[in-house]
Each structure stands twice: as C-alpha cells, then as structure tokens.
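Mind looking over this structure? Questions follow.
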2 protein chains.
Amino acid sequence: MKVLEALSNPYRLKIVGLLSEERKFVSQLAKELNISRPLLYLHLKKLEEVKLIEGSYEISANGKTKRYFELNSFHIPLDERFISRYTSSLTVKRKTDS
Amino acid sequence: MKVLEALSNPYRLKIVGLLSEERKFVSQLAKELNISRPLLYLHLKKLEEVKLIEGSYEISANGKTKRYFELNSFHIPLDERFISRYTSSLTVKRKTDS
DNA sequence: TACACATGTAATATAATTATTACATATGAA
DNA sequence: TTCATATGTAATAATTATATTACATGTGTA
C-alpha cells in the first residue's frame with residue numbers, strides 16, 4: 001500500500017511531524033532535517049505522490065521564490081480489518097488502486 | 001517506525017490478511033501465497049519482530065511438526081498526531097524504542 | 001528403502017531504495 | 001560583479017531489501 005510505504009522511512013516521518021506544526025519551504029526543511037536538498041526532494045516526492053503533503057510556490061517579500069509544503073490531514077485506522085479488506089480487494093479484482 | 005516498515009510490503013500485508021482469518025502453518029502459507037519458504041521466512045521474521053504475529057510449534061496427528069503462526073490483534077490510529085508524537089519522542093530523548 | 005511432506009538456514013544474486021556529487025537557473029543585496 | 005539564498009535535476013554511488021538456489025534434518029507411509 002503506497003501510503004504505508006511512504007510512511008516507512010524515518011525522514012519522511014520527520015517531515016510529516018514538522019509539517020504538522022506549520023507549512024515550511026524546501027530549504028527550511030532541509031536545514032531543520034539536516035539533509036541535502038536532493039535527498040529531501042526524493043522524500044517530498046514520495047509523500048506528495050500519495051497526497052500526504054502538497055506543495056505550492058510563493059514569492060516572498062524579498063523576491064525569492066519559495067516552495068511551501070503543507071500537510072494534508074489524514075487518518076488511517078490501521079488494524080487487521082483494514083489490511084484484510086485491502087488485501088482482499090487485491091486478490092479479487094482491484095477496482096481502484098493505491 | 002518498525003511496525004510501519006513491517007507493513008510496507010505487499011507479501012507481509014497478504015500474510016496479515018490471511019492470518020486474520022485463521023492461524024496457518026508455514027508450508028500452508030507458502031502455498032497460499034505462492035512463494036518459496038525461504039522468502040516467506042524472511043517476511044514472517046519481520047512481522048514477528050514487531051510482534052504482529054507469533055509462531056508456535058505443534059505436532060499434528062500424523063506426526064509432522066508444524067509451525068503455526070497467528071496474528072496478534074492490533075490497532076494503530078495512524079494520523080499526523082500519532083506521527084508527530086512519535087517523531088518528537090525521537091528528537092528529544094527516546095525513553096522507549098520501536 | 002524411497003517418497004512425500006514438514007522443518008530450517010547459509011550463501012548468493014537481483015532489485016529497489018536511499019544518499020551523494022555535481023551541475024544549472026534566478027533574484028536581491030552588498 | 002560578487003555573494004547569499006532560493007529553486008531544481010541528472011548521474012552515480014552506496015546501502016538495504018527482496019528473492020533464489022542449494023543445502024540439511026526429521027517423521028510417517030508405501
């Protein structure tokens with residue numbers, strides 16, 4: 001399940017944690033996480049792909065273009081029923097994906 | 001988070017799905033999943049490490065030793081609060097792990 | 001004894017994920 | 001013009017995860 005894969009990495013969990021406080025722009029996130037931007041982009045991409053976060057460009061007062069990311073609120077009741085419903089939907093027909 | 005990593009693989013989700021119906025022994029699982037036992041062991045190990053499943057040996061009527069695995073019921077309210085509580089506990093001190 | 005069906009693991013190969021390095025562009029301030 | 005701070009990506013390296021192959025053991029039945 002894509003969402004669970006997205007949440008299976010420590011950096012991505014930290015990103016979610018940070019963005020749950022407030023939106024942040026890329027360089028800012030990289031600094032707070034202490035990782036390089038290329039690596040951060042990789043993780044942001046995976047989170048964005050499953051719609052956990054969402055980015056938008058903005059030109060700040062000083063003229064710099066910033067790309068802000070914000071968290072989309074979510075709630076997944078992760079238990080055996082949830083999973084078996086998911087796996088059943090796979091082995092049978094898969095109407096929708098993800 | 002170990003549990004999320006354990007649940008980030010399709011086979012492991014299927015295993016959870018199958019075991020949510022009833023306990024099964026190793027060869028039986030391998031057949032139903034259509035994977036080799038060595039591969040199955042790998043996945044079972046990861047699920048067992050995080051206590052999602054639990055194995056026990058049993059000698060069946062016909063004398064064969066079987067190792068049954070059963071699912072431990074679980075419920076993780078996976079949302080941003082859950083994650084940020086987790087990540088905060090990391091960056092500060094980490095009383096407990098997992 | 002040979003076969004079928006259980007158990008398990010060590011060694012290796014393959015694939016996927018994660019991380020780094022080296023680029024390139026644009027804006028405003030010094 | 002040079003520096004600092006934003007943006008972004010392509011190519012490669014390193015590490016982990018996944019998968020396969022080849023073994024080995026034990027029990028009951030034919």
Side-chain angles (χ1 to χ4, degrees), chain A residues 1-19 22-50 52-70 87 90 98, chain B residues 1-19 22-50 52-70 87 90 98:
Chain A
M1 196 165 356
K2 286 272 188 66
V3 185
L4 293 181
E5 284 165 38
L7 295 173
S8 70
N9 173 283
Y11 281 131
R12 293 197 289 271
L13 290 184
K14 282 192 189 176
I15 291 169
V16 169
L18 284 174
L19 295 184
E22 56 173 353
R23 66 178 200 156
K24 293 178 190 291
F25 59 94
V26 179
S27 299
Q28 186 183 11
L29 268 174
K31 207 170 292 173
E32 296 188 21
L33 291 167
N34 214 283
I35 62 177
S36 66
R37 275 181 310 106
L39 181 54
L40 177 56
Y41 277 118
L42 179 141
H43 291 306
L44 289 174
K45 196 181 167 190
K46 297 200 177 188
L47 289 170
E48 197 176 30
E49 278 169 358
V50 298
L52 282 172
I53 65 173
E54 213 173 299
S56 57
Y57 294 90
E58 207 165 293
I59 296 173
S60 59
N62 67 354
K64 259 75 177 181
T65 296
K66 290 178 178 173
R67 189 177 181 192
Y68 279 95
F69 275 94
E70 64 181 308
T87 56
L90 290 185
S98 100
Chain B
M1 197 163 357
K2 286 271 189 68
V3 185
L4 293 181
E5 283 165 39
L7 294 174
S8 70
N9 173 285
Y11 281 131
R12 293 197 290 270
L13 290 184
K14 282 192 188 176
I15 291 169
V16 169
L18 285 173
L19 295 183
E22 55 172 353
R23 67 178 201 157
K24 293 177 190 292
F25 60 94
V26 179
S27 299
Q28 186 182 10
L29 267 175
K31 207 171 293 173
E32 297 190 21
L33 291 166
N34 214 284
I35 62 177
S36 67
R37 274 182 310 107
L39 181 54
L40 176 57
Y41 278 118
L42 179 140
H43 292 304
L44 288 174
K45 197 181 167 192
K46 297 199 177 187
L47 288 170
E48 196 176 30
E49 279 170 359
V50 298
L52 283 173
I53 64 174
E54 212 173 302
S56 58
Y57 294 91
E58 205 164 296
I59 297 173
S60 58
N62 66 356
K64 259 75 178 182
T65 297
K66 290 178 180 174
R67 188 176 182 193
Y68 280 94
F69 275 94
E70 63 180 308
T87 56
L90 291 185
S98 97

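Just so we're clear, the structure is a prediction, and the values are computed from it rather than from any experiment. Chain identifiers are assigned alphabetically (A, B, ...) following the order of the sequence lines, protein sequences preceding nucleic acid strands; residue numbering begins at 1 within each chain.
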- Message: Can you measure A/Leu29 atom CG to D/dT5 atom P for me and round it to whole angstrom units?
- Response: 17 Å

- Query: With under 30° as parallel and over 60° as perpendicular, where do the rings of B/His43 and B/Tyr11 fit, or are they tilted in between?
  - Reply: tilted

- In whole angstroms, how far is the C1' atom of C/dC3 from the NZ atom of B/Lys64?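 Rounding to the nearest Å, NZ of B/Lys64 and C1' of C/dC3 are 10 Å apart.
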
- Item | A/Arg67, nearest nucleotide to its side chain (from D/dA19, D/dT7, C/dA19) | D/dT7

- Query: Ignoring hydrogens and angles, does a donor from either the side chain of B/Arg37 or the base of C/dG8 sit under 3.5 Å from an acceptor on the other?
  - Reply: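 Counting by modelled atom types and ignoring angles, a donor-acceptor contact under 3.5 Å is found here.
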
- Query: How would you label the contact of B/Lys46 with the nucleic acid (heavy atoms, under 4.0 Å): base, sugar-phosphate, or nothing?
  - Reply: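 Touches sugar-phosphate only.
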
- Item | B/His43 vs D/dA17: side-chain N/O to OP1/OP2 distance below 4.0 Å | no

- Considering all heavy atoms of both residues, which atom of A/Arg37 and which atom of A/Ser27 are nearest to each other, and what is their separation? CD-OG, 4.0 Å

- Item | From D/dG28, D/dT9, D/dT7, nucleotide with atom closest to A/Pro38 side chain | D/dT9

- Note on the structure: Ranking C/dA6, D/dA6, C/dT18 by distance to the side chain of B/Ser27, first place goes to C/dA6

- Message: With a cut-off of less than 4.0 Å, is there a side-chain N or O of B/Asn62 near OP1 or OP2 of C/dA6?
- Response: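 Answer no for this pair, as no side-chain N or O of B/Asn62 is under 4.0 Å from OP1 or OP2.
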
- Query: Can a side chain N or O of A/Tyr68 be found less than 4.0 Å away from OP1 or OP2 on D/dA6?
  - Reply: no

- Query: DNA chain C: A/Gly63 or A/Glu5, which has the more 5' nearest nucleotide?
  - Reply: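 Result of the comparison: A/Glu5.
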
- Query: For B/Val3 and B/Val50, which heavy atoms make the closest approach, and how far apart are they?
  - Reply: N-CG1, 4.0 Å

- A/Leu7 to A/Leu13 - nearest heavy-atom pair and separation: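 Minimum heavy-atom separation between A/Leu7 and A/Leu13: O-CD2, 3.5 Å.
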
- Item | Between C1' of C/dA6 and CG of B/Leu40, the distance in whole Å | 13 Å

- Message: Does B/Thr65 reach a base, just sugar-phosphate, or nothing at all? Heavy atoms under 4.0 Å.
- Response: sugar-phosphate

- Message: Testing the basics here: between A/Lys66 and A/Ser60, what is the closest heavy-atom pair and its distance to 0.1 Å?
- Response: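 Of all heavy-atom pairs spanning A/Lys66 and A/Ser60, the closest is CE-OG, 3.8 Å.
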
- What is the distance, rounded to the nearest whole Å, between atom CG of A/Leu39 and atom P of D/dT15? 14 Å

- Spacing between B/Leu7 atom CG and D/dA17 atom C1', to the nearest angstrom: 16 Å

- Message: Under 4.0 Å from OP1 or OP2 of C/dT18: is there any side-chain N or O of A/Arg12 that close?
- Response: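 Checking A/Arg12 against C/dT18: at least one side-chain N or O falls below 4.0 Å of OP1 or OP2.
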
- Note on the structure: Ranking C/dT20, C/dT18, C/dG8 by distance to the side chain of A/Ser36, first place goes to C/dT20

- Task: Please state how far atom CZ in B/Phe25 lies from atom C1' in C/dC5, giving the value in whole angstrom units.
- Result: 9 Å

- Atom CG of A/Asn9 and atom C1' of C/dA19: how far apart are they, to the nearest Å?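 For the pair A/Asn9 CG and C/dA19 C1', the rounded distance is 11 Å.
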
- A/Arg12 side chain to A/Ala6 backbone, donor-acceptor under 3.5 Å: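 Answer holds: yes.
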
- Query: D/dA6 phosphate, OP1 or OP2: any side-chain N/O from A/Tyr41 under 4.0 angstrom?
  - Reply: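 Indeed not, no polar side-chain atom of A/Tyr41 lies that close.
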
- For atom NZ of B/Lys2 and atom P of D/dT16, their distance in whole Å: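 Going from NZ in B/Lys2 over to P in D/dT16 covers 14 Å.
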
